[in-house]
Amino acid sequence: MGKKDNQEFVTQITPRSEDFSQWYTDVILKTDLVDYADVRGCMVIKPYGYGIWELIQQEMDARFKATGHKNVYFPMLIPESLLLKEAEHVEGFAPEVAWVTHGGNEKLQERLAIRPTSETLFCNMYAKWVQSWRDLPMKYNQWCSVMRWEKSTRPFLRTSEFLWQEGHTIHATAEEAQEETLQMLEVYREFAENVLALPVYVGQKSDKEKFAGARATYSMEAMMQDGKALQAGTTHNFGTNFAEAFGIQYLSKEGQLEFVHETSWGTSTRMIGAIIMTHGDERGLRMPPRVAPIQVVILPIAQHKEGVLERARALKAELEAAGLRVELDDRDTYSAGWKFNEWEMKGVPVRLELGPRDIEAGVATAMRRDTFEKSQLALDGIGDAVKSMLDSIHHTLFEQAKAFRDAKTYTAADMDALEKGVQDGFVKASWCGERACEDAIKEKTNASSRNMPFDQSGMPSDVCVCCGKPAGKLMYFAKAY
RNA sequence: CGAGGUGUAGCGCAGUUUGGUAGCGCGUUUGGUUCGGGACCAAAAGGUCGCAGGUUCGAAUCCUGUCACCUCGACCA
């Protein structure tokens, strides 16, 4: 047994350091997360990948409910006239809308957009539903898929159709809407850090980067292992932009007709891409325990021997009773070594080996995926031991990612330093004008932008990544996905 | 849409320069021995060489066209 060493296995995935893109593609295909669909720019999410999404939905939904939101479902098709109502919004989305032009064999009188996002539908209904200040706020969320005809696509990061959640709320006052916008940004941040183990920066985006039709857009950005920024969630404050376009008005306590203030916020399956590109290593995935479809895999060793399988099944039942997601790999068609490597590639956080020697000693041999550390856990009370190991793995993943990001975050006082830093990671710098920022990131700096002064005063803590205008003057710059 | 690259067995590739029987590794199937870090032996199956034309006695190989995918830009969650 075991003539081939692990080096040989590792070479099956393109080394991360050599070609990060190829590594990403290798990992998602070889770990059974997705397959390429034979449909333009779309992917098939396989059971293991979809399992992650289900857990994300569960965790997020609980947070939405806790902040007073309810789930709804709106149609996938949007009449063109509805989409055209808010000028800035149309302009922003027009290049990437897919249209339905025929019903059966008949050409439609009005073409229907396949939703790229549902602001217009929500607005249309809100206009009917709202009469009085008593009806406000309305805080709805929907889980669905949307379609955007992207020019180039990559699984999870950018596909034509993608799964997401979109929250849409309307409020009586500007203050309330702003509070909602920031609250949901905080919900996202807390979720990213505490559930996905993704350290993120949150902040406001620049006018050029903001959502089409929004007064203000906020986002959370994570650093991938190639130093690029990935937007993992975004919230928008529309003010009364859409309310005015769609006539969403209510009668206030004072008897005045007022426009509502609206927000929207969304996160998508892209978060799965963020997990992969943040936590993955040379062996493949490292799933953050709280969204790992399989948290513990039990590998019976020498399972043909008497009593081993029975004990393994009992162990599985015990761990499941403790609330853990457990897989028992009792396939006898693969050797133990083969299975070790497969589950490591799939990123299962904890592996429990259970063989005759373990059973004899009353223990299971545990291996944690984050550090490859092996230890013996007493079978007696093993549920708690595994749970605390999972918590520890979560924290290790978070701290590793944070240390990586911090080490690649530079401070720049001039354009040269900014340009240089952006090649490797994030750059913290004072706001120096939108044109100059973009130029720096895209290596197309010209003389006029280069001469714009860096403002060294005022360094607020809430800042944003990727060419965003912060609430104050400090911001982060990075190449973005 | 601009620039570059790749299409040969399920997967990864060689063969193309200089035209001459379609190859290799992994995987798969069958039988046996194994089983605590991708086991070994033996046998077998599997390909209209992306597609369409052309040149030629003969094309994976040369010519023309076309399609798909990948990387980098532009656009975006």
Side-chain angles (χ1 to χ4, degrees), chain A residues 1-14 19-22 24-26 29-30 35-36 38-41 92-97 116-117 145-166 188 205 208-212 217 219-222 229-236 264-274 283 299-305 308 331-345 351-361 364-365 367 372 374 376 438 441-444 466 479-481:
Chain A
M1 289 293 296
K3 304 286 185 331
K4 300 181 178 181
D5 64 11
N6 279 324
Q7 277 314 109
E8 193 160 337
F9 161 73
V10 169
T11 58
Q12 287 186 17
I13 301 177
T14 303
D19 185 341
F20 190 67
S21 258
Q22 192 58 50
Y24 178 76
T25 306
D26 280 2
L29 292 175
K30 289 183 176 173
D35 200 355
Y36 290 122
D38 299 321
V39 178
R40 187 200 169 279
F93 278 102
E96 49 189 79
V97 171
T117 177
S145 75
V146 291
M147 170 154 284
R148 297 178 187 180
W149 212 254
E150 301 288 355
K151 295 195 170 78
S152 68
T153 59
R154 299 188 70 190
F156 288 126
L157 301 185
R158 175 161 298 104
T159 48
S160 291
E161 183 185 5
F162 59 93
L163 294 166
W164 78 344
Q165 78 36 232
E166 49 179 326
Y188 286 164
K205 301 202 98 178
K208 179 147 192 310
E209 295 262 316
K210 77 180 184 190
F211 184 81
T217 289
S219 78
M220 63 171 175
E221 308 270 348
L230 184 72
Q231 179 174 316
T234 176
T235 74
H236 315 288
S264 83
W265 25 277
T267 56
S268 70
T269 39
R270 174 184 266 194
M271 283 188 293
I272 299 174
R283 296 289 197 94
L299 288 191
I301 303 295
Q303 59 179 315
H304 59 284
K305 290 198 175 148
V308 172
R331 294 173 295 177
D332 57 6
T333 44
Y334 294 97
S335 69
W338 197 95
K339 293 189 208 172
F340 288 172
N341 284 297
E342 186 184 34
W343 292 114
E344 279 164 17
M345 187 162 74
R351 178 180 78 223
L352 292 178
E353 297 164 37
L354 192 68
R357 294 207 294 270
D358 296 303
I359 295 172
E360 180 85 13
T365 303
M367 196 221 63
F372 290 105
K374 277 194 177 187
Q376 310 276 312
E438 293 204 331
I441 289 162
K442 292 167 187 168
E443 305 170 77
K444 291 177 198 156
C466 188
K479 283 192 175 179
Y481 269 98

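Since the structure is predicted, the reported quantities are computational estimates derived from the model, not experimental observations. Just so it is clear: chains get the letters A, B, ... in the order the sequence lines come, proteins before strands, and each one is counted from 1.
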> When we call it a touch if two heavy atoms are under 4.0 Å apart, what does Met220(A) touch: a base, just sugar-phosphate, or nothing?
Replying inline: nothing
> What is the nucleic acid contact for Gln231(A), judged by heavy atoms within less than 4.0 Å: base, sugar-phosphate only, or nothing?
Replying inline: sugar-phosphate
> Counting side-chain heavy atoms from C-beta on, which of C75(B), C35(B), U71(B) comes nearest to His304(A)?
Replying inline: C35(B)
>> Contact between Met220(A) and Tyr188(A) at the side-chain level, heavy atoms closer than 4.5 Å - yes or no?
In response: yes
>> Please classify the nucleic acid contact of Gly355(A) as base, sugar-phosphate, or nothing, using heavy-atom distances under 4.0 Å.
In response: base
> Would you call the rings of Phe162(A) and Trp164(A) parallel, tilted or perpendicular, where under 30° means parallel and over 60° means perpendicular?
Replying inline: perpendicular
> Under 4.0 angstrom, heavy atoms only, what part of the nucleic acid is Pro95(A) near: base, sugar-phosphate, or nothing?
Replying inline: nothing
>> I need the single residue from Ile301(A), Ile359(A), Val308(A), Leu299(A) that forms a side chain to side chain contact (heavy atoms under 4.5 Å, CB included) with Leu354(A). Which is it?
In response: Ile359(A)
>> Given G36(B), G37(B), C75(B), identify the nucleotide with an atom nearest to the side chain of Phe340(A).
In response: G37(B)
> With sugar-phosphate meaning primed atoms plus P, OP1 and OP2, does Thr159(A) contact a base, only sugar-phosphate, or nothing at under 4.0 Å between heavy atoms?
Replying inline: base
> Taking atom types as they are modelled, is there a donor-acceptor pair under 3.5 Å from the base of G37(B) to the side chain of Glu344(A)?
Replying inline: yes
> Does Ser335(A) make a side-chain N or O approach to OP1 or OP2 of C35(B) shorter than 4.0 Å?
Replying inline: no
> Taking the nucleotide of RNA chain B with the closest heavy atom to each, which residue, Asp332(A) or Arg351(A), is nearer the 5' end?
Replying inline: Asp332(A)
> For Leu299(A), which contact category applies under a 4.0 Å heavy-atom criterion: base, sugar-phosphate, or nothing?
Replying inline: nothing
> Thr365(A) near the nucleic acid: base, sugar-phosphate alone, or nothing, with a heavy-atom cut-off under 4.0 Å?
Replying inline: base
> When you check the phosphate oxygens OP1 and OP2 of U71(B), does a side-chain N or O of Arg154(A) lie under 4.0 Å from one of them?
Replying inline: yes
> Rounded to the nearest Å, what distance is computed from the OH atom of residue Tyr334(A) to the P atom of nucleotide G27(B)?
Replying inline: 10 Å
